[in-house]
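First comes the structure, then the notes that go with it.
All values below were derived from every heavy atom in this structure, side-chain atoms included, with hydrogens, water molecules and symmetry-related copies excluded. For clarity, every value in this text was computed on a predicted model and none was experimentally measured. Both counts, for ligands and for their atoms, begin at 1 and track the order of listing.
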Amino acid sequence: MKFSNTLIPTLRDIPANAEIASHILLLRGGFIRQLGSGLYTWLPLGVRVLQKIERIVREEINKTDAHEVLMPFVQPGELWKESDRWEVMGPDLLRMQDRHENDYCLSPTHEEVITDLFRKNVKSYRQLPCTLYQIATKFRDEIRPRFGVLRSREFIMKDGYSFHIDEKSLHATYLAMHDAYSSILSRLALDFRSVEAHGGVIGDDENREFHVLADTGEDAIAYSKVSSYASNLEKAEAVATGDVATASETLTKVSTPNIRTINGLVECLDVPIERTVKTLIVQGRDSPIGLVLRGDHELHEIKAARLPNVLSPLTFTKESEVRHHVGCNVGSIGPVQLQIPYYVDRSVAVLSDFVCGANEDDFHLTGVNWNRDESLQSAAIQDLRKVVEGDPAPDGSGPLSIQRGIEVGHIFKLGTKYSHTMNATVLDERGESVNVLMGCYGLGVTRLAAAVIEQKHDEIGPLWPLEIAPAQVHLVALNVPRSSEVVNAANHVYEQLTTQGIEVLYDDRNERPGVKFADADLIGIPYRITIGERGLKENTVEYQHQRELKVDVSLDQVVPTLLQDLG
Ligand code: ATP
Ligand code: MG
């Protein structure tokens, strides 16, 4: 590929509205251009990166005996009504009508279409298991498209779907996909974790997300450094933390004028925050419900919204209503003789001699103890809080670490969720009609390209891993118009490389060396050969690998040297 006749519109300046490395560097290196909100054009270099990611994905997914298909981007609304997701998907689903006023949508995912394909074409358990996948465009009308192609509205996903007669077969494919995803991310040289997660609108069964670790990730991940335990913070189980000491203090009601917050309480009574307890009031099915947490812990709203009798989505009870039910302001509530039902977090259940509201304005209780001052039996102990760094891992392996991650893939066991609502059945061994079990497996191709940069860049530009770099080598010819020797030598090296099947970006432009070097840095191809007049006098060229190595190599040895390094 010659620089002079392709389109690589590099940018010297940091583009406005681009906040994170991948967005900035994909724009600056001339890989992508924005068309509209969440809509991007992939330019020649960007397409090369995507094609290489896709090749790796195909190679690894094909090994699981999955077969590639290609399904329509525009889907009939009827199918989504049948699965009940026409409503559930909300405004993420971009809907339209055709000239006959039939409903359609742009595909955010393909469970409906694949289930329809299956039910019309597969009739017997003998045809199972069957796994199909595609690499195709998706559209989700994201509420906040941001970070360039990390969260765009139109994007490319590898989505796969498997069909099974029993759980054992589903589990085998689920594990094979887990392995395939791990191999793909390892080949992309990424530091990643596979984590427990919530299923969202796709399903609620066993599922795992694959996260590329990066400070810019939108999710937080809790993982054990010594075991394989890893979980999205949205899901991470918080176990009891703290000492189970015996009661030693006496219950005392103390005056705390105008104290409404935990920080105020800590200051006023000079107690450690770990000994304070707060009670939040949310709407329940029959009455408001109290959620009792340690003062330093944060409520996990998703966990709370899933508790029996708590209304979902979680809604905090208005101050006036709190007073009506509890008889005090929201900052003075506590579990002792609380007149409404309440749940106690696991870490509060092991506390002794703690401080909490007295259910009376401007008063708190100190030296509170379960079983002596309030029965834990009337309160259900639940996991209510977000985990924090250093919490014990639920598998008992040691303390948890928390890091941010970019979700690049998600694998699910769907069970019969879609085969049931859409009536996808096969005849089993006994000739009986049964709903098939399904799995689905998504991997964001365009998001992966950005995730790679988030992990692999420096202050100068991207550092593409060789397997997905837009080319293997960047050939730079200096002072082209002045020196026919340079042009001849560079043309010759270019021909030798291309004959050897090596992918070259050949900067043959009539541009100043500074411009060419700056562009090469912004593009980030791993190997670089620079040919200039000065070197040629000594019959040498400059040979460089990323930022680490820069040496002079004789002109006739440069191609063999590169071939050797490429293996
Ligand atoms: P997120 O939580 O980031 O919105 P999701 O849970 O909606 O993602 P899935 O439905 O599991 O995503 O889709 C599978 C994969 O598709 C994701 O792991 C991600 O790599 C990719 N993906 C999803 N939404 C986007 C998007 N808006 N832009 C780019 N890639 C996306
Ligand atoms: Mg997901």
Side-chain angles (χ1 to χ4, degrees), residues 20 22-23 26 32 34-40 42 46 50 53-54 56-57 61 85 88-94 106-112 114 133-161 174 177-178 180-182 184-185 188 190 192-214 216-221 231-235 302 404-414 417-418 439-455:
I20 64 168
S22 57
H23 191 189
L26 285 171
I32 58 168
Q34 184 169 9
L35 173 67
S37 168
L39 303 174
Y40 290 86
W42 288 81
L50 289 184
I53 295 175
E54 288 175 9
I56 293 173
V57 171
I61 299 295
R85 288 209 293 180
V88 175
M89 291 295 289
D92 270 20
L93 191 66
L94 190 64
L106 292 185
S107 160
T109 176
H110 273 79
E111 283 81 11
E112 282 73 4
I114 199 100
Y133 77 98
Q134 64 175 350
I135 296 182
T137 299
K138 297 279 181 280
F139 189 94
R140 294 180 183 180
D141 202 353
E142 297 274 354
I143 189 162
R144 251 187 101 197
R146 58 186 187 145
F147 302 149
V149 295
L150 265 185
R151 184 170 296 286
S152 48
R153 296 199 297 168
E154 192 173 297
F155 57 95
I156 299 172
M157 198 207 288
K158 186 287 298 177
D159 49 329
Y161 307 87
Y174 180 81
M177 284 299 164
H178 193 282
Y181 277 39
S182 302
I184 292 165
L185 300 179
L188 294 173
L190 289 165
F192 68 94
R193 295 283 183 286
S194 115
V195 311
E196 291 176 4
H198 277 303
V201 295
I202 294 199
D204 218 2
D205 282 314
E206 190 175 344
N207 70 95
R208 268 186 112 80
E209 288 173 350
F210 285 79
H211 282 261
V212 168
L213 300 182
T216 44
E218 290 184 285
D219 292 280
I221 299 178
S231 174
N232 196 316
L233 208 64
E234 278 188 359
K235 167 102 182 201
I302 298 174
R404 299 205 75 78
I406 300 168
E407 182 205 318
V408 293
H410 205 160
I411 61 173
F412 290 87
K413 286 186 184 177
L414 294 170
K417 180 176 156 82
Y418 294 90
C440 80
Y441 318 95
L443 186 68
V445 171
T446 41
R447 184 177 281 186
L448 265 175
V452 167
I453 296 193
E454 286 302 322
Q455 260 188 17

Could you pull out, from [options], the option with a heavy atom nearest to [atom]?
{"atom": "atom 13 (O) of ligand 1", "options": "Met157, Lys138, His410, His211", "value": "Met157"}
{"atom": "atom 5 (P) of ligand 1", "options": "Glu142, Arg140, Glu154", "value": "Arg140"}
{"atom": "atom 3 (O) of ligand 1", "options": "Arg144, Glu218, Glu209, Arg151", "value": "Arg151"}

TODO: For residues Tyr181 and Ile61, determine if any side-chain heavy atom of one lies less than 4.5 Å from a side-chain heavy atom of the other.
DONE: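 Yes, side chains in contact.
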- [ ] Report, in ascending order of atom number, the atoms of ligand 1 lying under 4.0 Å from any heavy atom of Gly409.
- [x]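 Result: 18 (O).
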Task: Ionic contact status for Lys235 with Glu196, cut-off 4.0 Å - done: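 No salt bridge links Glu196 with Lys235.
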Open item on the list: Do the side chains of Arg85 and Glu111 get close enough for a salt bridge, i.e. N-O under 4.0 angstrom?
Closed with: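 Result for this pair is yes, salt bridge flagged.
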Open item on the list: Below 4.0 Å, non-hydrogen atoms only: which portion of Leu150 touches ligand 1? Side chain, backbone, both or neither.
Closed with: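 The answer is the backbone of Leu150.
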Open item on the list: Residue-level breakdown please: for Glu407 versus ligand 1, do any non-hydrogen atoms fall below 4.0 Å on the side chain, on the backbone, on both, or on neither?
Closed with: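 Both parts.
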Tell me whether [X] contacts the main-chain N or O of [Y] through its side chain, where contact means a donor paired with an acceptor under 3.5 Å.
{"X": "Arg153", "Y": "Ser37", "value": "yes"}
{"X": "Ser182", "Y": "His178", "value": "yes"}
{"X": "Glu454", "Y": "Ser22", "value": "yes"}

Task: Residue pair Ala451 / Leu150: nearest heavy atoms and the distance that separates them - done: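 Of all heavy-atom pairs spanning Ala451 and Leu150, the closest is N-CD2, 4.3 Å.
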Contact check, [X] vs ligand 1, heavy-atom distance below 4.0 Å:
{"X": "Thr109", "answer": "no"}
{"X": "Asp159", "answer": "no"}
{"X": "Val149", "answer": "yes"}

